[in-house]
Amino acid sequence: MGCCSGRCMLIFLFTLQLITALERQIFDFLGYQWAPIMINFLQIIMVILGLFGTIQYKPRCVILYLLWTLLWVGWNVFVSCLYLDLGGLSKESNILSLGVSSHSSWWKDNGPGCESRGLPSTGWQSQENPEFITVLSCWLEYQYIEVLHCTVQLLISLLGFVYACYVVSTLSYEEDSLYFMGEFHHPPKPSQLLF
């Protein structure tokens, strides 16, 4: 296989997905977003599994990645709708923190160009509680940064889905042609009844 094959492109997309998922995981940890932390962790595991299947010519691992990608796309659409307040969802709800804490996105207080103002009392300045900080203005509001993260994940996932389908069909075709040529001969397994 050449360097520009579908398999190499899929390996590149898996690497890109790992980098972006790890970046997203870091910022979700900073914002105490527990549901995205768990889902991102599963995404990282499934991408590693898909990468393993692509490198080791294991189409079943790539198929498992394909199935997970459908759920991952649904999750990113849900998060986008949540931050854009679509479909009765609200970005002010504590769905993403699983109701455990009142924290929200890390980008809400620390976005690019955000000017924040703390309480005037000196006693509160040492505690660093994000609830006592007022954000005056930002270049880009936090919900659009989160939607941008989701959009990047969706684009990479959709490209990965297409290339993974191609790689699975290629690997399956190569497996079938090897069986046809007689290079792999496995004795048939005896059928056993479970009665």
Side-chain angles (χ1 to χ4, degrees), residues 4-101 103-108 110-112 140-172:
C4 294
S5 68
R7 187 171 161 263
C8 289
M9 185 64 179
L10 186 59
I11 290 171
F12 170 75
L13 288 171
F14 281 148
T15 306
L16 194 59
Q17 274 188 323
L18 275 176
I19 291 169
T20 57
L22 286 170
E23 179 264 341
R24 193 172 178 185
Q25 183 79 324
I26 289 168
F27 287 111
D28 286 338
F29 264 118
L30 290 173
Y32 301 104
Q33 301 288 314
W34 299 115
I37 288 169
M38 291 186 291
I39 300 294
N40 289 337
F41 181 71
L42 289 173
Q43 167 69 359
I44 291 167
I45 290 173
M46 291 300 173
V47 170
I48 290 171
L49 187 65
L51 183 62
F52 171 78
T54 303
I55 292 172
Q56 295 292 322
Y57 298 97
K58 306 275 187 192
R60 289 183 182 166
C61 293
V62 181
I63 289 171
L64 190 59
Y65 163 79
L66 283 170
L67 294 174
W68 168 255
T69 300
L70 297 174
L71 294 173
W72 180 245
V73 165
W75 169 256
N76 282 294
V77 168
F78 167 75
V79 171
S80 295
C81 290
L82 182 78
Y83 279 111
L84 292 175
D85 294 332
L86 298 174
L89 299 170
S90 173
K91 62 183 168 274
E92 300 303 325
S93 68
N94 58 0
I95 293 173
L96 296 180
S97 65
L98 297 176
V100 175
S101 65
H103 293 283
S104 61
S105 173
W106 183 81
W107 296 105
K108 187 173 185 177
N110 303 299
L140 188 62
E141 293 183 36
Y142 76 98
Q143 65 264 24
Y144 299 122
I145 295 173
E146 293 287 352
V147 170
L148 185 64
H149 273 106
C150 290
T151 305
V152 168
Q153 291 290 329
L154 283 169
L155 291 175
I156 297 170
S157 294
L158 293 176
L159 281 172
F161 187 84
V162 170
Y163 276 99
C165 287
Y166 172 73
V167 167
V168 165
S169 68
T170 303
L171 293 177
S172 298

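Since the structure is predicted, the reported quantities are computational estimates derived from the model, not experimental observations. Along the sequence shown, the residues carry numbers beginning at 1.
Not counting sequence neighbours, the partners of Tyr65 by the ring-ring contact (aromatic ring centres under 6.0 Å, His included) test are Phe14. Every residue two or more places apart in sequence or in another chain that forms a side chain to side chain contact (heavy atoms under 4.5 Å, CB included) with Ile26 is listed here: Leu30. In this view, Leu148 satisfies the side chain to side chain contact (heavy atoms under 4.5 Å, CB included) rule with no residue, not counting sequence neighbours. Residues passing the side-chain hydrogen bond (donor to acceptor under 3.5 Å, both in side chains) test with Asn40 are Gln25, Asp28, sequence neighbours excluded. The side chain to side chain contact (heavy atoms under 4.5 Å, CB included) check on Leu42 picks up Trp68, with sequence neighbours excluded. Annotation: side chain to side chain contact (heavy atoms under 4.5 Å, CB included) contacts of Gln153 (sequence neighbours excluded): Thr20, Arg24, Gln43, Trp72, Asn76.
Between Ile45 and Phe41, some side-chain heavy-atom pair lies under the 4.5 Å cut-off. Side-chain contact between Ile55 and Leu51 is present, with heavy atoms from C-beta onward closer than 4.5 Å. Taking the side chain as every heavy atom from C-beta outward, Cys150 and Phe78 never approach each other to under 4.5 Å.
Sorted by first and then second residue, the salt bridge (charged side-chain N to carboxylate O under 4.0 Å, His left out) pairs with a member in residues 157-169 form an empty list; sequence neighbours excluded. Pairs passing the salt bridge (charged side-chain N to carboxylate O under 4.0 Å, His left out) check and including a residue from residues 39-51, sequence neighbours excluded, do not occur. For residues 68-86, every residue pair satisfying the salt bridge (charged side-chain N to carboxylate O under 4.0 Å, His left out) rule, not counting sequence neighbours, is listed here: Asp85-Lys91.
Taking OG1 of Thr151 as the reference point, atom NE2 of His149 lies at 10.5 Å (rounded to 0.5 Å). Here the CG-CZ distance, from Leu49 to Arg60, works out to 13.0 Å after rounding to the nearest 0.5 Å. Distance OG1/Thr15 to CG/Leu10: 9.5 Å, rounded to 0.5 Å.
When all heavy atoms of Thr69 and Ser157 are compared, the pair lying nearest together is CG2-O, 3.7 Å. Taking both residues in full, the closest heavy atoms of Ile156 and Gln17 are given as CG2-CG, 3.1 Å, listed atom of the first, atom of the second, then distance. The two residues Gly53 and Val62 make their nearest non-hydrogen contact at C-CG2, 3.8 Å.
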Side-chain atoms of residues 158-166: list all donor-acceptor pairs with protein atoms under 3.5 Å, sequence neighbours left out, distances to 0.1 Å.
none

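The closest donor-acceptor contact from the side chain of Arg7 to the backbone of Thr54 lies under 3.5 Å.
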